[in-house]
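Okay, structure first, notes after.
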Amino acid sequence: MNIKKLNVDGEGLNRFFGPLEARIMDLLWSSEGMSIKEVQSILNQNNPISINAVTTVMNRLLSKGHLSKVLIGTGRTQASRFSTVQSKEQFLSDQTKAVSQGLIQEYGSLVVSHMIDALEDVDQELIAKLESKLSEIKKRNKK
């Protein structure tokens, strides 16, 4: 489930989601699942927000495939419990991989050049991982 639009000006989860979507996903990633009312109650502590807004956004996240929903209880006490379909780490890994691959496929050497330039600002451990991966690729290509 790849994100359809990337907000290059956003930071963190706001690159992949709208502000309310990002806040809701963060809440659900830090829980075992919540009802709409529970999510609204937590969000309401910082800024007033209507239950309708939270319902709309959570149902949109459900239809996009980011959330799953389970019905709990029966009759008048029945409620929906929402949870994420993948961990935050897996989501970020999948999305950054898709973005990276897309950029490399479309802009190739230009993107690689910019990534190499960005390495000046990273720690040595990341550079060591890159060198190791490049060695693996070179060995495979020699065969």
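Residue numbers run from 1 in the order of the sequence given. Quick note: numbers below take in every heavy atom, side chains included, and nothing from hydrogens, waters or symmetry partners.
Remark: K97 engages no residue in a salt bridge (charged side-chain N to carboxylate O under 4.0 Å, His left out) (not counting sequence neighbours). For S113, there are no side-chain hydrogen bond (donor to acceptor under 3.5 Å, both in side chains) partners two or more places apart in sequence or in a different chain. In this view, T56 satisfies the side-chain hydrogen bond (donor to acceptor under 3.5 Å, both in side chains) rule with no residue, not counting sequence neighbours. Partners of F16 under the ring-ring contact (aromatic ring centres under 6.0 Å, His included) rule, at least two apart in sequence or in another chain, are F91.
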Worksheet item: Hey, mind stepping through N44 and V54 against side-chain contact (heavy atoms from CB on, under 4.5 Å) and telling me if it holds?
Response: CA-CA 10 Å; N44 213 30; V54 175; over 6 Å; no
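The number of heavy-atom neighbours closer than 6.0 Å to CD of Q78, taken from other residues, nucleotides and ligands shown, is above 12.
In the hydrophobic clustering of this structure, I36 does not group with L71; members are Ile, Leu, Val, Met, Phe, Trp, Tyr whose side-chain heavy atoms approach within less than 4.5 Å, directly or through other members. Both M115 and V8 sit in one connected hydrophobic cluster of ILVMFWY residues. Membership requires side-chain heavy atoms under 4.5 Å apart, directly or through other members.
Each salt bridge (Lys or Arg N to Asp or Glu O under 4.0 Å) pair with one or both residues in residues 107-118, not counting sequence neighbours, would appear here, but there are none. Residue pairs meeting the salt bridge (Lys or Arg N to Asp or Glu O under 4.0 Å) criterion with at least one member in residues 34-51, sequence neighbours excluded, are E38-R81. For the salt bridge (Lys or Arg N to Asp or Glu O under 4.0 Å) condition, no pair includes a residue of residues 39-53, sequence neighbours left out. Among residue pairs with one or both ends in residues 124-142, none qualify as side-chain hydrogen bond (donor to acceptor under 3.5 Å, both in side chains); sequence neighbours excluded. Judged as a salt bridge (Lys or Arg N to Asp or Glu O under 4.0 Å), the pairs with a partner in residues 17-31 (not counting sequence neighbours) are, in order, E21-K64, D26-K88. Sorted pairs that involve residues 3-18 and meet side-chain hydrogen bond (donor to acceptor under 3.5 Å, both in side chains), not counting sequence neighbours, are lacking altogether.
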Could you give the side-chain donor-acceptor pairs of residues 99-107 under 3.5 Å, partners two or more places apart or in another chain?
from : atom 1 : to  : atom 2 : distance (Å)
S100 : OG     : T96 : O      : 2.8

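Applying the 4.5 Å side-chain rule to ILVMFWY residues, one finds V122, L126, I127, L130, L134 in the same cluster as L119.
When all heavy atoms are compared, the tightest approach of V85 to G65 is CG2-O, 3.1 Å.
Note that the CD1 atom of I24 and the CZ atom of F17 stand 10.5 Å from one another [nearest 0.5 Å]. Atom CE of residue M25 and atom CG of residue L20 lie 12.0 Å apart, to the nearest 0.5 angstrom. Here the CG-CD distance, from L92 to Q86, works out to 9.0 Å after rounding to the nearest 0.5 Å. Of the inter-residue distances, the one linking Q90 atom CD with Q95 atom CD reads 10.0 Å to the nearest 0.5 angstrom.
In terms of modelled atom types and a separation under 3.5 Å, the side chain of W29 and the main chain of S83 share no donor-acceptor contact. Although no hydrogens or angles enter the test, the distance criterion places no donor-acceptor pair under 3.5 Å between the side chain of T84 and the main chain of S87. Remark: the backbone N or O of I51 is paired with a side-chain donor or acceptor of T55 at under 3.5 angstrom.
Under the 4.5 Å side-chain criterion, counting only non-hydrogen atoms from C-beta, F82 is in contact with N59. Within the 4.5 Å cutoff, side-chain heavy atoms of M58 are placed close to those of V39.
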